[in-house]
Amino acid sequence: MTDREPFRTRIKVRHYELDTLGHLNHAVYHSYGEVSRLELLEASGALKGLQGVAAVLLETHVVFRRELRAGDEVEVTCAAKFGTGKTFKMNSDIIKLDGTLAAEITCTLGLMDLERRKLVEDPRGRFEAAGADLKLLSASDD
């Protein structure tokens, strides 16, 4: 298994995203993860090629490591991990530009058939058939 550098999205913390303590509101960490997931899916070509199915978030979990304040810039990584079955993982790290890990996000997703409203089998195969760049989508060989 060879590890590659994960996909990264840069985001600047805005004043209106802060809580009453002056640091990034807990819910915004989830939003940053969503931004990175969608940017990765778009960059990989997955969004163009998927027809009749869409990625749906089934579970998300954040571990907060360090606070973020207005003006901080972060890089949000994202990488997919495929196994067997109907679900897959997309995990992100939120990292300050000085290398400090601010948060870790783990997510479980599936691809939903939009007509049947059910998860489809083999999401990796669906992405591949849609022409997605699987090497970009995943930071490690599956």
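- Atom CG of residue Leu137 and atom OG of residue Ser44 lie 4.5 Å apart, to the nearest 0.5 angstrom.
- Two different hydrophobic clusters hold Met112 and Leu38 under the rule that ILVMFWY side chains link at heavy-atom gaps under 4.5 Å.
- Across all their heavy atoms, Val76 and Ser36 have their closest contact at O-OG, 3.1 Å.
- One finds the CZ atom of Phe82 at 5.0 Å from the CZ atom of Phe127 (value rounded to the nearest 0.5 Å).
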Test side-chain contact (heavy atoms from CB on, under 4.5 Å) on Phe7 and Leu136 and set out the steps. CA-CA 7 Å; Phe7 180 85; Leu136 179 61; 4.1 Å; yes

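- Taking all atoms of both residues into account, the shortest heavy-atom contact from Val53 to Asp113 is CG1-CA, 3.9 Å.
- Take Arg117 and apply the salt bridge (charged side-chain N to carboxylate O under 4.0 Å, His left out) test, not counting sequence neighbours, and it matches no residue.
- Contact detail for Ala103 and Tyr29: the closest heavy-atom pair is CB-CD2, 3.6 Å.
- A donor-acceptor pair under 3.5 Å is absent between the side-chain atoms of Ser138 and the main chain of Lys135, judged by distance alone.
- Here the closest non-hydrogen pair linking Cys107 and Asn91 is N-OD1, 3.4 Å.
- A donor-acceptor pair under 3.5 Å is absent between the side-chain atoms of Ser92 and the main chain of Ile105, judged by distance alone.
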Assess the residue pair Phe88 and Arg124 against the criterion (side-chain contact (heavy atoms from CB on, under 4.5 Å)); give the C-alpha distance rounded to whole Å, side-chain angles, the decisive distance to 0.1 Å, and a yes or no. CA-CA 8 Å; Phe88 61 100; Arg124 184 184 196 284; over 6 Å; no

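- Residue pairs meeting the side-chain hydrogen bond (donor to acceptor under 3.5 Å, both in side chains) criterion with at least one member in residues 12-23, sequence neighbours excluded: Arg14-Tyr16, Arg14-Glu17, Glu17-Tyr32, Asp19-His23, His23-Glu67.
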side-chain contact (heavy atoms from CB on, under 4.5 Å) evaluation trace for Asn25 with Leu18: CA-CA 5 Å; Asn25 179 281; Leu18 305 181; over 6 Å; no

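- With rounding to the nearest 0.5 Å, the separation of CD in Glu121 from OG1 in Thr87 is 10.0 Å.
- Tracing side-chain contacts under 4.5 Å through hydrophobic residues (I, L, V, M, F, W, Y), one never reaches Leu47 starting from Val35; they form parts of separate clusters.
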Before giving the answer on side-chain contact (heavy atoms from CB on, under 4.5 Å), spell out for Arg8 and Ile95 the whole-Å C-alpha distance, their side-chain angles and the decisive distance to 0.1 Å. CA-CA 10 Å; Arg8 293 174 181 265; Ile95 305 165; 3.9 Å; yes

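- The CE atom of Met90 sits 7.0 Å away from the CZ atom of Arg37 when rounded to the nearest 0.5 Å.
- Cluster membership check: Val28 shares its hydrophobic cluster with Val62, using side-chain heavy-atom separations under 4.5 Å among Ile, Leu, Val, Met, Phe, Trp and Tyr.
- Across Leu24 and Val13, no two heavy atoms sit closer than the pair CD1-CG1, 3.8 Å.
- Sequence neighbours left out, the pairs with a member in residues 93-111 that pass side-chain hydrogen bond (donor to acceptor under 3.5 Å, both in side chains) are Arg65-Glu104, Lys89-Thr108, Asp98-Thr100.
- Using a distance-only test at 3.5 Å, with no hydrogens or angles considered, no donor-acceptor pair links the side chain of Arg126 to the main chain of Val120.
- Between the CD atom of Glu42 and the OG1 atom of Thr9 there is a distance of 10.0 Å, given to the nearest 0.5 Å.
- What you find for Leu58 and Leu109 is that their closest heavy atoms are CD1-C, 3.8 Å.
- With rounding to the nearest 0.5 angstrom, the CG atom of Leu101 is 8.5 Å from the CZ atom of Arg66.
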